[in-house]
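Just follow the structure's listing: the first ligand is 1, and inside any ligand the first atom is 1. Bear in mind the structure is a predicted one, so any value in this text is a computation, not a measurement.
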Amino acid sequence: MANFGDYQMGIYLAGAAGRKPALPIAFEGLEAAAHQVLDPELLGYVAGGAGDERTQRLNVEAFAQWGLMPRMLVGAAQRDLSVELFGQRFPSPIFMSPVGVLGACREDGDLAVARASAVTGVPMFASTLSAATLEQVRLAQGATPGFFQLYPPNDPELSQSLVSRAEAAGYAGIVVTVDTWVNGWRPRDLSSGYIPMLRGLCLENYRSDPRFQELVAAQPAGQAGAVELTWAGIFGRPTLNWSDIDALREATSLPLIIKGICAPEDAKKAQDHGADGIICSNHGGRQANGGLSALQCLPAVVGATGLPVLFDSGVRSGTDVVKALALGARAVGIGRPYVYGLTVAGAAGVEQVLRGILAEADLLMAVDGYAAIADLVPEALHRVAGPAA
Ligand SMILES: Cc1cc2nc3c(=O)[nH]c(=O)nc-3n(C[C@H](O)[C@H](O)[C@H](O)COP(=O)(O)O)c2cc1C
Ligand SMILES: O=C(O)C(=O)c1ccccc1
């Protein structure tokens, strides 16, 4: 049983000794600190989203519409935040959502995040887009189980190769992202010319792949930028459909988790096509910009099937984690916050962000009287009344 509140106590004691934490505690400060160190175009890439970014803002604001009812004298001195996911026990209910530009945000960023996963026990969902190979990333995750996120390429052999490599490397599951077969309309990136993506920095899983090397070799001899050109040709799979999920189901015996589901109908389809889990997510508002927050979609996705539903998009604090759990999420993904921690202070920054979020979740459960995750039920949440009420 882990009491993550001890971490907060640790910061308090350090503060009592006159030391401040290395990173700002609240998300806004963290983002501002990242502004200081990241070049503006890359910062725009990470911080930005689709269209007018309304969906992205709503993802965050949706949490403020719910409040947790405080219960007293219930004996919440010991909390248990551990969860079972796909047959494994994890010490806490959070995970690191896949982010494809970690190596551009910080040198060896993917490996630093993997090391933070190793020391915190918070699983890393390692992106296909990576500046280190999936094998190197897996090794750096140590004893913490990890998951491999696949962007299905437009070449079935390459898809199979990446999945087989992830199996051989010891990943505990394959996460297929289905909402980004083409990039959304992202004004900040369109304005900057998509510079971060063109650095070719995050293509190590491709460069190291025998099938990808065959595809590069098929380019006209001496073609400049052959790797980037080949990648641009296979990254997106415009025809992506449920039969691709069937093929992936055939391709691996690992748990198959579909990321990017918001509609209950799609959750049912995922189940029909053999998925073991779903991630209810709108990609942090970077893709579809229809105006629905991911949190609003969560209850119906949870209700649609018996599959475990994970959640991300808009989580900024420990209280957000608790609310998503109460609305039925089995585990909750952290996105931009840990990327900012990485940017500012490497693996130690990621660790501080994760431990801070866990400490806040743990303390909220303590002071509001919810000792176990099973106690976090939808009835514990109430709609926040408007200012006039
Ligand atoms: C810079 C950046 C890169 C991302 N790259 C990937 C990726 O490679 N694969 C993926 O499935 N999702 C990717 N995502 C989406 C995240 O996994 C996650 O869904 C999203 O960040 C959650 O929203 P939040 O950051 O607002 O919490 C990326 C997000 C960001 C911010
Ligand atoms: O930016 C993203 O959200 C993302 O998923 C992605 C897509 C292509 C390359 C790198 C990251």
Quick one: salt bridge (Lys or Arg N to Asp or Glu O under 4.0 Å) partners of Asp368, sequence neighbours excluded?
none

Asn183 heavy atoms within 4.0 Å reach ligand 2 at atoms 7 (C)

Heavy atom of Gln287, distance to ligand 2 below 4.0 Å:
no

Side chains of Ser117 and Gln141: is there a donor and an acceptor less than 3.5 Å apart?
no

Ring of Tyr45, cation from Arg286 - is the NZ or CZ under 6.0 Å from the centre and inside 45° of the axis?
yes

So, regarding Val99 and ligand 1 (criterion: nitrogen or oxygen to nitrogen or oxygen, under 3.5 Å), is there a contact or not?
no

Measuring only between side-chain heavy atoms, which start at C-beta, is Tyr151 closer than 4.5 Å to Arg237?
no

Identity of the nearest option to atom 16 (C) of ligand 1, non-hydrogen atoms only, from Pro98, Gly284, Pro337:
Pro98

Ligand 1 versus Ile334: contacting region, heavy-atom distance under 4.0 Å
neither

Considering only NZ, NE, NH1 and NH2 on the basic side and carboxylate oxygens on the acidic side, decide whether Arg211 and Glu214 come within less than 4.0 Å.
yes

Enumerate the atoms of ligand 2 whose separation from the nearest heavy atom of Tyr151 is less than 4.0 angstrom.
4 (C), 5 (O)

Table please: side-chain donor-acceptor pairs of residues 63-72 below 3.5 Å, with sequence neighbours left out.
| unit_1 | atom_1 | unit_2 | atom_2 | d |
| --- | --- | --- | --- | --- |
| Gln65 | OE1 | Arg383 | NH1 | 3.2 |

If I apply the N/O under 3.5 Å rule, does Asp312 come out as touching ligand 1?
yes

Are any of the N/O atoms in Lys259 less than 3.5 Å from those in ligand 1?
yes

For the pair Lys268 and Glu265, find out whether any cationic side-chain nitrogen is under 4.0 Å from an anionic carboxylate oxygen.
no

So the atoms of ligand 1 within less than 4.0 Å of a heavy atom of Ser127 turn out to be 7 (C), 8 (O)

